[in-house]
Amino acid sequence: MKHKLDFIDQQIISLLQENARMSLKDIASRIYLSSPAVSARMEKLEREGYITGFHASVNREMMGYAVKAFVTLAVDARLKEEFLEHICSCRNVIECSCITGDYAMLLEVAYPDTEALERFVGKLQKYGKTKTQIVFSTVVEHREVAPELEMIKVGSRESIAAVTKAG
């Protein structure tokens, strides 16, 4: 059974989302616990599924993927299983979500150029109607769901406190 996250667990998750390579010693010093205590908490967070992995964030453009797009697909219900099997094998699909509305699927994709994107969308058409939107720029990059934490001065020591911000 999953336990409810306490403030210390939230701090650990927030710090790891900021820098997944942060050492146990650094995390421990930031939240005023011992390294073994932090390690035990991290293992528990992984075991319970709160932490699902540690990932490197890469610059997709430097990796040769200059075009990012969102593709919506009104997938034919008879072809949904075939579509899902196909889409899971597409390495250029960053994310695929089932959505509400006129379209059933929302795909985030990255391709080297618009020609490659066009070929991909053309192959999707056998599953249903598509609508493609190419991204010009991204104002807010992907971010995680942990609470915002802010360093504040408490006396002569810095402490971490949860800060709730509207919007």
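Just so you know, residue 1 is the first one in the sequence shown, and it goes up from there.
More than 12 heavy atoms of other residues, nucleotides or ligands sit less than 6.0 Å from atom CD of Gln125.
Met105 is not listed as a side-chain neighbour of Ser97, based on a closest heavy-atom distance of 4.5 Å or more. Counting only heavy atoms from C-beta outward, the side chains of Lys80 and Cys98 approach each other to under 4.5 Å. Two residues are said to be in side-chain contact when any heavy atoms from C-beta on lie closer than 4.5 Å; Cys96 and Phe83 meet this criterion. Between Leu24 and Met42 there is a side-chain heavy-atom pair separated by less than 4.5 Å. Taking the side chain as every heavy atom from C-beta outward, Met22 and Arg30 approach each other to under 4.5 Å. Proximity of Leu15 to Gln10: side-chain heavy atoms (C-beta onward) are nowhere separated by under 4.5 Å. The shortest side-chain heavy-atom distance between Tyr127 and Leu73 falls under the 4.5 Å cut-off.
For the atom pair CD1 of Ile13 and CD of Glu18, the computed distance is 14.0 Å after rounding to the nearest 0.5 Å. Atom CG in Leu79 sits 12.5 Å away from atom CD in Glu85 (nearest 0.5 Å). Within the model, atoms CG of Leu84 and OG of Ser89 stand 11.0 Å from one another, a figure rounded to the nearest 0.5 Å. For the atom pair CD1 of Ile12 and CG of Leu33, the computed distance is 6.5 Å after rounding to the nearest 0.5 Å. The line from CD1 of Ile87 to CG of Leu107 is 5.0 Å long, rounded to the nearest 0.5 Å.
Remark: the backbone N or O of Glu141 is not paired with any side-chain donor or acceptor of Thr138 at under 3.5 angstrom.
Look at Asp26 and Arg21 and you find no salt bridge, because none of the NZ, NE, NH1 or NH2 atoms lies under 4.0 Å from a carboxylate O.
Applying the salt bridge (charged side-chain N to carboxylate O under 4.0 Å, His left out) test to residues at least two apart or on different chains, the pairs with a partner in residues 111-139 are Glu82-Lys126. Evaluation of the salt bridge (charged side-chain N to carboxylate O under 4.0 Å, His left out) test over residues 86-106, restricted to residues two or more places apart or in two chains, returns none.
Following chains of ILVMFWY side-chain contacts shorter than 4.5 Å, one can reach Ile51 starting from Ile31, so the two form part of one hydrophobic cluster.
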Let's go through Thr132 and Phe70 carefully: what are the C-alpha distance in whole Å and the side-chain angles of both, what is the deciding distance for side-chain contact (heavy atoms from CB on, under 4.5 Å) to 0.1 Å, and is it a yes or a no? CA-CA 6 Å; Thr132 303; Phe70 290 95; over 6 Å; no

Between Leu5 and Leu45, does the side-chain contact (heavy atoms from CB on, under 4.5 Å) criterion hold? Intermediate values first, please. CA-CA 9 Å; Leu5 292 179; Leu45 290 168; 3.4 Å; yes

Test side-chain contact (heavy atoms from CB on, under 4.5 Å) on Val75 and Leu124 and set out the steps. CA-CA 9 Å; Val75 67; Leu124 282 182; over 6 Å; no

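If you run side-chain contact (heavy atoms from CB on, under 4.5 Å) between Val71 and each of Leu106, Ile134, Val93, Thr130, only Thr130 comes through.
In terms of heavy-atom proximity, Ser35 sits nearest to Ala28 at N-CB, 3.7 Å.
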Counting only pairs under 3.5 Å, give me each side-chain donor-acceptor contact of residues 52-69, with atom names and distances, residues two or more places apart or in other chains.
unit_1, atom_1, unit_2, atom_2, d
Asn59, OD1, Glu61, N, 3.0
Asn59, OD1, Met62, N, 3.0
Arg60, NH1, Tyr65, O, 2.8
Lys68, NZ, Glu108, OE2, 3.3

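Ring orientation note: the planes of Phe120 and Tyr111 are tilted relative to one another, at an angle of 30° to 60°.
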